[in-house]
Protein chains: 2
Amino acid sequence: MSNHSEAPVAPVEAYEPPYYVAVFSTVRTPNQNDYSETNARMEDLVKDVPGFLGMDHAQTPGGLGITVSYFRDADALTEWRTNVEHRAAQERGRADWYQSYTLHVAKAERSHGFLRAEARQSPTAG
Amino acid sequence: MSNHSEAPVAPVEAYEPPYYVAVFSTVRTPNQNDYSETNARMEDLVKDVPGFLGMDHAQTPGGLGITVSYFRDADALTEWRTNVEHRAAQERGRADWYQSYTLHVAKAERSHGFLRAEARQSPTAG
């Protein structure tokens with residue numbers, strides 16, 4: 001179902017508002033035991049949440065990581081926030097993996113996307 | 001005023017809602033002529049916008065870049081969006097630097113931050 005090693009060809013598309021954006025910005029500790037496995041599991045699990053729209057991630061080596069998740073409505077976010085496996089991962093994150101993080105949950109009011117004309121041979125599936 | 005080479009010790013803090021979040025996710029082209037200089041100039045310029053709260057950036061080498069900017073209100077966002085130098089940089093970005101991008105503008109409803117206890121010798125200035 002998922003292919004974690006494949007580089008994105010484009011960021012998550014600009015959906016029609018309203019929808020929700022969850023920005024999770026992190027600085028990690030040196031202790032990253034089990035992080036990759038848990039992260040891969042969470043990436044699979046969130047796809048099962050009705051109303052999940054997509055996720056973008058960027059990681060500066062040795063610096064900040066930013067994960068932005070997109071959800072259709074507040075119910076979808078609540079389901080993800082309260083998922084039992086996700087809650088356990090959050091606790092593990094605070095215990096081991098994160099030096100600091102900030103979470104911002106926001107309702108999108110406006111969005112737009114850009115794709116270079118010469119790259120249109122493989123547009124985002126709608 | 002700014003020090004672009006200094007690594008962040010923590011992401012931008014969790015402000016009290018409401019405030020605005022602008023998520024700008026990009027895939028870049030091989031043509032990055034003048035990008036660094038323009039980016040540094042934009043980082044300085046946005047700090048002069050009344051209501052600008054902060055900015056986080058992460059860049060996966062060869063992959064996605066995500067910049068998240070925080071603003072106190074819609075007026076601050078409008079001022080930044082319509083800034084003449086910023087508009088010129090946006091045009092240059094579409095002409096040269098970006099393969100694709102998505103911009104999401106959203107109003108924060110909820111936020112929280114985490115900082116490990118042993119890292120508290122240098123808390124974020126409030």
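Just so it is clear, the model here is predicted, and its values are computed rather than measured. In what follows, chains are A, B, ... by sequence order, proteins preceding strands, each numbered from 1.
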Report task. Taking all non-hydrogen atoms of both residues into account, name the closest pair between A:Y98 and B:F114 and its distance. Result -> O-CE2, 3.3 Å
Requested in this report: Work out which heavy atom in B:A106 is nearest to a heavy atom in A:A106; give both atom names and the distance.
Outcome: CB-CB, 3.5 Å
Query - Worked check of side-chain contact (heavy atoms from CB on, under 4.5 Å) between B:V23 and A:Y70 - result: CA-CA 11 Å; B:V23 178; A:Y70 301 93; 3.7 Å; yes
Query - Joint hydrophobic cluster, A:V105 plus B:V105, side-chain heavy atoms closer than 4.5 Å - result: no
Query raised in the report: Distance-only, no hydrogens or angles: does the A:R116 side chain make a donor-acceptor pair with backbone N or O of B:R94 under 3.5 Å?
Result: yes
**Report entry** Residue pair A:R110, B:R81: steps toward the side-chain contact (heavy atoms from CB on, under 4.5 Å) verdict
**Finding:** CA-CA 13 Å; A:R110 193 160 58 81; B:R81 187 172 71 246; 2.9 Å; yes
Query raised in the report: Is B:V27 reachable from A:I66 through a run of I, L, V, M, F, W or Y residues, each pair having side-chain heavy atoms under 4.5 Å apart?
Result: yes
Query raised in the report: Any chance the rings of A:H104 and B:Y15 have centres within less than 6.0 Å?
Result: no
Query raised in the report: Same cluster or not: are B:F24 and B:V21 linked, directly or through other Ile, Leu, Val, Met, Phe, Trp or Tyr residues, by side-chain heavy atoms under 4.5 angstrom apart?
Result: no
Report task. Give the cluster check for B:M42 versus B:L53: same hydrophobic cluster or not, with ILVMFWY residues linked at side-chain heavy-atom distances below 4.5 Å. Result -> no
Query raised in the report: Among B:S100, B:A108, B:A74, which residue forms the greatest number of heavy-atom pairs with chain A at distances under 4.5 Å?
Result: B:S100
Query raised in the report: Would B:V12 end up clustered with B:F52 when hydrophobic side chains under 4.5 Å apart are linked, directly or stepwise?
Result: no
**Report entry** A:T60 side chain vs B:Q59 backbone, donor-acceptor pair below 3.5 Å
**Finding:** yes
**Report entry** Leading residue by heavy atom contact count with chain B [cutoff under 4.5 Å; candidates A:P18, A:A95, A:A22]
**Finding:** A:A95
Query - For A:P11 against B:T102, the heavy-atom pair lying closest together - result: CG-OG1, 3.5 Å
Requested in this report: Quick one: which of B:S25, B:G93, B:G113 has the most heavy-atom pairs under 4.5 Å with chain A, could you say?
Outcome: B:S25
